[in-house]
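First up is the structure itself, then whatever we jot down about it.
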Number of protein chains: 2
Amino acid sequence: MARADVRAAMQERILETADRLFYGQGIRAVGVDTIAAEIGISKRTLYNHFPSKDDLIVAYLSRRLKPAPPSDRPPLEQIMGAFDRLERTIATGVFRGCPFVNAVAELKEPAHAANRIALAFKEQRRVWFQGLLERLGIATAEPLSLQLQILMDGAIAAAIVRGDPAVAAAARAAAKVLVEAASVSGPRPIPSD
Amino acid sequence: MARADVRAAMQERILETADRLFYGQGIRAVGVDTIAAEIGISKRTLYNHFPSKDDLIVAYLSRRLKPAPPSDRPPLEQIMGAFDRLERTIATGVFRGCPFVNAVAELKEPAHAANRIALAFKEQRRVWFQGLLERLGIATAEPLSLQLQILMDGAIAAAIVRGDPAVAAAARAAAKVLVEAASVSGPRPIPSD
DNA sequence: CCGCAATTACACAGGTCTGTGTAATCTATG
DNA sequence: CATAGATTACACAGACCTGTGTAATTGCGG
């Protein structure tokens with residue numbers, strides 16, 4: 001039964017490289033030959049695992065759809081931590097924006113599966129925000145969660161153009177103001193944590 | 001001297017079409033042949049006006065660098081109006097995000113002139129926000145202007161993925177909260193308008 | 001050790017793209 | 001009308017892309 005394992009390992013190697021190149025240079029800018037050459041396999045082998053470039057694109061995006069690991073930190077700390085992580089991501093290594101937004105912007109076909117995956121990702125993050133806000137006892141958790149998501153996406157877009165991690169800190173400060181405003185004007189939070 | 005006028009008119013026709021196609025389908029996705037065919041001129045003529053596709057891209061982006069027309073409406077109204085206009089833009093016609101962010105994301109060369117133009121555009125808008133905030137007597141006008149710009153960019157990015165103009169309204173509401181929070185905590189605004 | 005599946009090298013079809021070369025034609029200006 | 005510049009049609013080079021066909025080779029499981 002090691003055959004399936006070997007096959008899965010090869011697929012993962014392909015996806016790792018595709019991720020690095022697709023994200024770093026753009027999906028349209030990277031050819032299938034380039035990915036195969038980077039790994040050191042033949043193009044034929046790559047097509048044996050992914051029957052078309054579109055399949056590879058979908059797999060590349062799906063692989064990035066990992067739900068956030070549950071944490072026992074206080075909700076507000078988790079929310080602020082998301083912006084801190086973004087700031088570190090912008091500062092460290094290759095930052096080229098949100099891979100999902102880039103994919104949607106780069107693939108002109110409106111019915112592409114990338115749109116569905118991108119929407120799923122954004123909604124997943126928004127719901128994560130919403131859950132934390134509800135634990136803070138905030139009544140307007142749903143609209144506020146969308147606003148936090150907008151701040152995240154805005155910091156990412158601004159960081160692409162400005163190349164400055166400070167935009168994440170600015171977004172974080174804005175998020176803090178919004179959450180606090182919703183806390184005082186809404187019902188009292190449950191002081192459980 | 002009508003020769004120069006005719007030449008300028010042709011350049012404008014080319015740029016109009018390039019704008020529509022570049023923005024609507026992506027810079028990399030649209031070939032020079034397609035633009036020429038759409039206008040009904042030969043590819044040779046297009047290359048007579050723009051010696052390379054890169055020149056055309058730069059001209060396309062530069063043409064969108066128009067400063068906002070001065071307005072005598074109250075500053076807060078102008079700020080909120082920017083989000084209202086964004087909401088209408090998302091809802092009406094072809095919306096494909098911010099052309100400058102898209103260009104930077106699509107062109108992998110980090111030294112491309114598009115980066116400079118995109119930065120100039122974002123900074124132009126931020127300074128416009130800053131001036132209005134200063135007229136409101138807000139002490140933290142500069143950092144707040146960056147936060148408003150982040151909200152704009154975030155609403156744009158979220159709208160691409162969600163296809164829902166409501167994100168602009170959410171961003172607008174968040175902007176209102178941020179401006180009001182900065183107004184009450186800072187020095188009193190000058191009640192001139 | 002046999003056989004099967006994966007992998008490889010290599011060529012190629014068919015399409016796209018940017019940019020140029022050329023010779024003919026059109027058009028407005030002097 | 002004459003001339004110079006703009007435009008046209010058309011071919012083509014050179015590069016890149018996705019995807020396939022084929023035959024030889026490798027390596028692992030039974």
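By convention in this document, chain letters (A, B, ...) are assigned in the order of the sequence lines, proteins followed by strands, and residues within each chain are numbered from 1.
Atoms CZ (F50(B)) and C1' (dT20(C)) sit 19 Å apart, rounded to a whole Å. Computed from coordinates, the L46(B) CG to dT7(D) C1' distance equals 12 Å when rounded to whole Å. Between the CD1 atom of I35(B) and the P atom of dT16(C) there is a distance of 16 Å, rounded to whole Å. Residue R13(A) contributes atom CZ, which lies 12 Å from atom C1' of dT7(C) at whole-angstrom precision. For the pair I14(A) CD1 and dA6(C) P, the computed distance is 13 Å after rounding to whole Å. Across the protein-nucleic acid pair, D33(A) atom CG and dC12(C) atom P stand 16 Å apart, rounded to whole Å. When rounded to the nearest whole Å, the span between CD1 of I57(A) and P of dC17(D) equals 13 Å. The separation between R28(B) atom CZ and dC17(C) atom P is 12 Å, rounded to whole Å.
When heavy atoms are screened at a 4.0 angstrom cut-off, N48(A) is found touching the sugar-phosphate backbone but no base atom.
Between the base of dG19(C) and the side chain of K53(B) there is no donor-acceptor pair shorter than 3.5 Å. Checked by distance alone, R44(B) brings a side-chain donor or acceptor within 3.5 Å of a matching partner on the base of dG21(C). Looking at R7(B), its side chain has no donor and acceptor atom pair within 3.5 Å of the base of dG5(D).
In the hydrophobic clustering of ILVMFWY residues, with side-chain heavy atoms under 4.5 Å counting as a link, F100(B) and V127(B) come out apart.
A donor-acceptor pair shorter than 3.5 Å cannot be found between the side chains of T45(A) and N48(A).
Here the side chain of E106(B) pairs a donor or acceptor atom with the backbone of I27(B) at under 3.5 angstrom. Of the possible polar contacts, none joining the K176(A) side chain to the L76(A) backbone as a donor-acceptor pair under 3.5 Å is found.
No side-chain heavy atom of Y60(B) sits under 4.5 Å from any side-chain heavy atom of F50(B).
For S42(B) and dT8(D), the shortest distance from a side-chain N or O to OP1 or OP2 is below 4.0 Å. Checking the phosphate oxygens (OP1, OP2) of dT7(C), a side-chain nitrogen or oxygen of H49(A) falls inside 4.0 Å.
Nearest-nucleotide assignment on DNA chain D puts the 5′-proximal partner with T45(B), out of T45(B) and G31(A).
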